[in-house]
Every structure is written in C-alpha cells, then in structure tokens.
Amino acid sequence: MIKLRAFAPATMLLATTVLATPALAQRVAPPAVAIAPTVTALRDAALKDDVAYDIVSGITTEVGPRPDGSPAEERARQWAVAKLNALGFKNVRIEPYELKNVWVRGVETAEVLGSYAQPLRLTALGNSGATPAAGLTLPVAYFASFNDLLLAPAGSLTGKIAFVSNAMQPTQDGSSYGSQGMARFVGPTVAASKGASAIVIRSIGTDHGRGPHAGTTNFAPGVTPIPAAALSVADAENLERIVKLDKQVKLHLTLTPTVVPSRTSGNVIAEVPGTDPAAGTILIGGHLDSWDLGTGAIDDGAGIAITAAAAKRLLDSGPHRRTIRVVWFGDEETGGFGGAAYAKAHAGENHALASESDFGADRVWRFETNLPESAKAVGDRLVVALAPLGIVRGAGVGGDGTDVGPTLKTGVPAVDLNQSGLRYFDYHHTPEDTLDRIDPEQLRQNVAAWTTLLAIVADAPEAMGAVTPKK
C-alpha cells in the first residue's frame with residue numbers, strides 16, 4: 001500500500017505532462033516542381049564527362065605553374081585561346097589589362113642556429129619585403145596564435161623575427177581558412193607595426209607535411225613591407241619544439257623577392273551565344289593563374305575545366321535563351337585583378353547570373369543562391385534537379401568568389417556550388433597541387449552540377465533582375 005501510494009501520484013503526473021505537451025507541427029509537402037527532361041538528360045550525361053579532365057591535364061602538363069604576370073601566364077592565355085577555339089566556343093578572345101607592381105619570387109632559405117641548428121622549409125608570401133642579399137640573423141619571438149601577436153605591446157618585436165604558429169583544422173565549408181588565415185592575410189603588417197624585422201608563420205593549411213603553402217599578404221598603407229614567409233606545417237611544429245627547448249633561439253632568414261613595375265596581363269573569354277540578348281548573360285569561370293610551387297591543378301585548373309566542360313555541354317545541345325560567357329580570369333592569386341578588370345570592361349552589361357568554381361575538384365555538396373523574387377522558381381528547380389547528385393540547398397546567401405565578386409557587387413544574381421573542403425587545404429598553394437590530387441569521378445560530379453545549373457538558368461523564362469549583394 002505504501003509503495004502503491006508513492007507510485008500512483010507519479011503516474012498521474014506523467015500522464016498529465018504528456019497530455020499537456022502540444023503535438024508536433026504536421027509536415028507539409030513542398031509544391032511539385034517540374035524539371036525539363038532535357039535538363040535531367042544533360043545532367044546524367046555529364047557524369048561521363050572527359051572534357052574537364054582533358055583541360056586540367058592539358059594546362060598542368062603543357063604549361064605548368066602560371067604565376068601572376070609571368071611569361072608562363074602569358075603562355076597559358078595563348079594555350080587557353082587555342083583550347084577554347086578547338087572546343088567550338090564562339091567569340092574567343094583575350095581582353096588585356098595592365099598589371100602593376102608584379103611581385104617576383106627570389107631566393108628563400110631559413111635555418112635554425114645554435115645547439116639545434118638545422119634548415120627549415122619555407123616560401124615567401126606574395127608582397128613580402130626582402131632581406132639583405134646575405135640574409136639576416138635575429139632572435140625569434142614566438143606566438144602560439146595570431147591573437148597572441150595582436151596582444152604584443154608596441155615596439156616589443158624590434159630586432160626580432162616574429163613566429164606565429166596558429167593551427168588550421170579542416171572544415172567541409174572551408175570556413176577555418178578565413179579565421180586562421182588572418183595570420184597570413186594581415187599578420188605581417190601587424191608584426192611590422194610592432195617593430196618586427198621579419199615574420200614567419202605556420203602555413204595556412206591542414207596537412208602535416210614539409211611542403212609550405214604560398215599565398216599573398218597585404219601591408220597597410222604607411223607600413224613598410226618586411227620579409228614574410230610561410231613555414232611548412234611540419235617545420236613550424238618542429239620550430240615550436242625548438243623554441244620550447246631554447247627561448248633564445250635565432251633564425252638566419254634569406255628572402256630576396258623583387259617587384260616589376262608593370263606587365264600586360266589579361267582575361268580569356270569565350271561564349272555560347274544565346275537567342276535572346278535581352279535575357280542577359282550568364283557569367284561563369286575560374287582563374288587561369290596559379291602559384292608557382294605546384295602546377296595549379298586544384299587551384300584553379302579544376303575550376304576553369306569544370307565550368308568550360310559544363311558550358312561545352314550546353315554548346316553541343318542546341319540553342320539556349322541566354323548567352324553563357326566563360327571567363328578564365330587572370331591574376332586572382334595576388335589580388336583579384338582579372339575580376340576587377342572584367343567588371344570595369346563590362347560595366348553596365350546585363351548579367352543574369354555570375355558564379356565561379358575555385359575550391360578544387362572534390363564533390364559539390366551544397367548550393368546557395370541570391371536570386372530575385374521573380375526568379376524564386378529557379379532556385380526551386382535547382383533543389384530538385386541537383387538532389388540526385390547528392391547536393392542540398394544551404395541556408396546561406398550565395399555570392400562568393402574573388403573573380404566574380406566585383407560583378408556581383410553591382411547587384412547581379414548568384415548561385416554558389418560549394419565543394420567539400422575537407423582535404424582542399426592539404427594541398428592548397430603547395431608543391432602538392434598537382435594533377436594526381438584530382439579524382440576523375442568527383443570532377444565529373446562537379447561538371448554534372450554545373451551543367452544542371454546552366455541548363456536551368458540558360459532557358460529559365462523568369463526575369464533575372466537585380467538583387468542586394470551578399471555582404
């Protein structure tokens with residue numbers, strides 16, 4: 001009786017609680033969306049594409065690395081014109097522009113001195129200042145993170161080489177590049193403003209190898225550039241251990257980059273002409289230039305290959321309402337100069353959409369849009385048509401990309417096809433950015449996704465009006 005009395009109220013309370021809980025909202029089926037059979041046919045056929053691999057194999061094998069403003073980049077433009085013409089594109093041309101203050105890599109060496117003497121592998125950051133020809137020897141000021149560098153008192157780095165060793169972790173959306181990349185983007189200007197004679201950082205990458213990651217840095221107005229370099233991740237980890245053993249460790253650093261005042265560069269452009277000029281032009285592409293350590297396969301040989309291969313499928317499938325313009329942009333790596341030159345040259349033109357591929361060649365897993373209300377149905381059709389490729393719609397606003405960014409800022413609609421970044425930063429800007437890093441099957445999935453996007457937008461009856469640009 002006592003146990004029953006103790007149990008009965010609890011049972012009654014449980015029953016009351018359950019009855020008081022509101023029912024879950026009933027799920028509602030989304031509206032039916034019709035996809036044209038031509039779209040699905042083009043998508044499925046693209047899963048057998050071999051054009052993209054042919055392009056990225058060709059550019060990396062026949063031209064190799066394509067540093068900004070270099071003779072190799074000029075050869076790449078000529079190669080691109082020949083390739084795009086051979087593929088049957090129309091209006092193939094180079095649109096030249098002047099590239100100012102071209103940074104050119106020089107000698108780059110570093111070694112630990114003293115009891116733990118040994119060489120280190122590193123590469124100068126784009127826009128780095130130069131050491132004397134014989135190098136410089138100075139003590140190291142170690143910072144475990146970029147924030148620690150920010151906290152350093154003014155003048156505390158005078159006569160020292162700053163060493164920032166923040167670690168980057170892989171993320172599917174690549175967001176860790178933006179946060180940890182601050183050590184490269186602005187770390188050198190911060191170190192210079194606090195008196196440092198030079199700076200070395202742990203490479204902004206997710207690998208643990210001895211290949212350093214290149215990349216550009218920018219010094220604030222009024223800040224004199226100092227020598228700045230990225231250590232390979234393995235060498236940065238080793239230097240951390242050495243610093244903990246010897247607080248007075250010194251480095252001998254030699255970096256001798258130079259600057260060429262001016263060179264002619266350019267964007268390579270090709271088109272699939274549309275039947276309705278008033279419907280606007282779809283702008284797609286990637287960047288033709290690359291860093292010089294590897295052969296620029298994933299960054300961005302894959303991007304120019306994917307977008308051109310998809311456009312080629314539309315070219316071969318018959319006339320479409322909107323013109324598709326493929327642009328292989330120049331000089332993205334050191335400041336997005338090709339994208340800025342394109343936006344200036346084509347200001348005022350009616351762009352229906354702008355999108356780029358510049359995140360390697362691994363599977364597209366998500367897409368995000370910035371479309372006008374008049375074209376909401378375009379996004380709905382993309383949801384259904386991309387689903388068989390394993391691609392979902394994200395909750396964010398589309399509109400990323402260095403090359404198409406200046407055009408998007410004018411209010412042009414956007415669709416981003418997001419690739420997986422889980423292994424991209426193992427190879428990004430390194431000697432390992434080579435053709436063997438590309439998985440042909442994942443490359444084909446990219447082409448199928450881009451083909452689907454183009455097939456839907458090129459013939460969409462909806463108006464593609466202006467949007468508020470992504471901030």
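This is a predicted model, so every value here is computed, not measured. The first residue of the sequence shown is numbered 1, and numbering continues consecutively from there.
In this structure, Y142 and V243 approach most closely via the heavy-atom pair CB-CG1, 3.7 Å.
Side chains of R105 and P257 form no contact here, defined as non-hydrogen atoms less than 4.5 Å apart.
Between the side chains of W79 and E62, at least one donor-acceptor pair of N or O atoms lies under 3.5 Å. Looking only at atom types and distance, the side chain of H351 has no donor-acceptor partner in the side chain of T281 under 3.5 Å away. With hydrogens and angles left out, the side-chain atoms of T123 and E108 include a donor and acceptor closer than 3.5 Å.
With respect to L283, the side chain to side chain contact (heavy atoms under 4.5 Å, CB included) criterion is satisfied by exactly one of T323, V404, I324: V404.
With sequence neighbours excluded, the residues forming a side-chain contact (heavy atoms from CB on, under 4.5 Å) with K90 are P273, listed by chain and number. A search for ring-ring contact (aromatic ring centres under 6.0 Å, His included) contacts involving H346 returns Y342, not counting sequence neighbours. Listed by chain and residue number, D439, R444 satisfy the side-chain contact (heavy atoms from CB on, under 4.5 Å) test with E441 (two or more places apart in sequence, or in another chain).
Sorted by first and then second residue, the side chain to side chain donor-acceptor pair (under 3.5 Å) pairs with a member in residues 109-120 read Q118-N238; sequence neighbours excluded. Screening residues 164-201 for ring pair (Phe, Tyr, Trp, His ring centres under 6.0 Å), with sequence neighbours left out, gives Y177-F185, Y177-F425, Y177-H428.
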Residues 192-204, side-chain donor-acceptor partners within the protein, below 3.5 Å, at least two apart:
residue	atom	partner	partner atom	Å
S193	OG	T189	O	3.4
S193	OG	V190	O	2.7
K194	NZ	L150	O	3.3
K194	NZ	A152	O	2.6
R202	NH2	E237	OE2	3.4
S203	OG	H213	N	2.9
S203	OG	L231	O	2.6

